[in-house]
Amino acid sequence: MARVFIPGLMRDLTGGRTQVQVAGATVRELIDGLEQAFPGMRERLCGPDGALHPHVMIAVDGEEVIEGLRAPVGEESEVHFLPAIAGG
């Protein structure tokens, strides 16, 4: 199972856990698993249309993913959901 690091603003949903193990071959499957274990997680990561919120950045194994919810995730992957940073 992939190790998912939980951002500080989402830890209220995980009982304060900073990381959790979740099964899934894609980011979408990980979010489904997170939602099942921690209701409300999908709403924090995705909009009503099911697409990833534009202010959320995903990194799998230290690399920013551009495939979004379709991005592949390995059994031993480390996944971070991070707030996107903008500015100048």
Side-chain angles (χ1 to χ4, degrees):
M1 283 196 260
R3 185 181 334 175
V4 179
F5 291 83
I6 307 299
L9 294 174
M10 295 182 188
R11 290 184 190 151
D12 61 317
L13 298 174
T14 63
R17 290 180 176 174
T18 60
Q19 55 186 282
V20 297
Q21 299 280 77
V22 182
T26 65
V27 170
R28 181 183 306 279
E29 290 176 8
L30 285 185
I31 292 173
D32 290 344
L34 285 168
E35 178 65 21
Q36 196 168 43
F38 309 105
M41 190 67 78
R42 182 181 289 120
E43 184 177 331
R44 301 261 182 109
L45 296 169
C46 300
D49 61 352
L52 195 65
H53 282 303
H55 65 273
V56 175
M57 194 274 291
I58 305 165
V60 176
D61 297 326
E63 298 289 326
E64 181 178 355
V65 300
I66 58 172
E67 301 96 337
L69 298 174
R70 297 182 317 238
V73 177
E75 276 290 314
E76 301 294 319
S77 288
E78 292 186 353
V79 180
H80 294 262
F81 293 100
L82 305 165
I85 298 172

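Side chains are part of it too, since the values below use all heavy atoms of this structure and drop only hydrogens, waters and symmetry mates.
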R11, CZ: over 12 other non-hydrogen atoms inside 6.0 angstrom: yes

Minimum heavy-atom distance T26-R70, with the two atoms named: CG2-O, 4.0 Å

Closest approach of R44 to H55 (non-hydrogen atoms, all atoms of both residues): O-NE2, 4.4 Å

Atom pair CD (E67) and CZ (R28), whose distance is rounded to the nearest 0.5 Å: 13.0 Å

Nearest heavy-atom neighbours spanning V73 and V27: CG2-N, 3.8 Å

Spatial distance of atom CG (L45) from atom CG (L30) [nearest 0.5 Å]: 10.5 Å

Contact summary for V79 and A2, nearest pair of heavy atoms: CG2-CB, 4.5 Å

Spatial distance of atom CZ (R3) from atom CD (E78) [nearest 0.5 Å]: 4.5 Å

Greater than 12 external heavy atoms within 6.0 Å of Q21's CD: yes

Closest non-hydrogen atom pair, C46 against L69: SG-CD2, 4.4 Å

Expected output: side-chain H53 to main-chain E43 donor-acceptor under 3.5 Å: yes

Euclidean distance, I31 CD1 relative to L52 CG, rounded to 0.5 Å: 6.0 Å

F38 CZ to T14 OG1 distance, which is reported to the nearest 0.5 Å: 6.0 Å

Over 12 non-hydrogen atoms of neighbours within 6.0 angstrom of CD in Q36: no

Minimal non-hydrogen separation, E76 against D61, with atom names: O-OD1, 4.4 Å

Neighbour count >12 (heavy atoms, 6.0 Å) for atom CD, Q19: yes

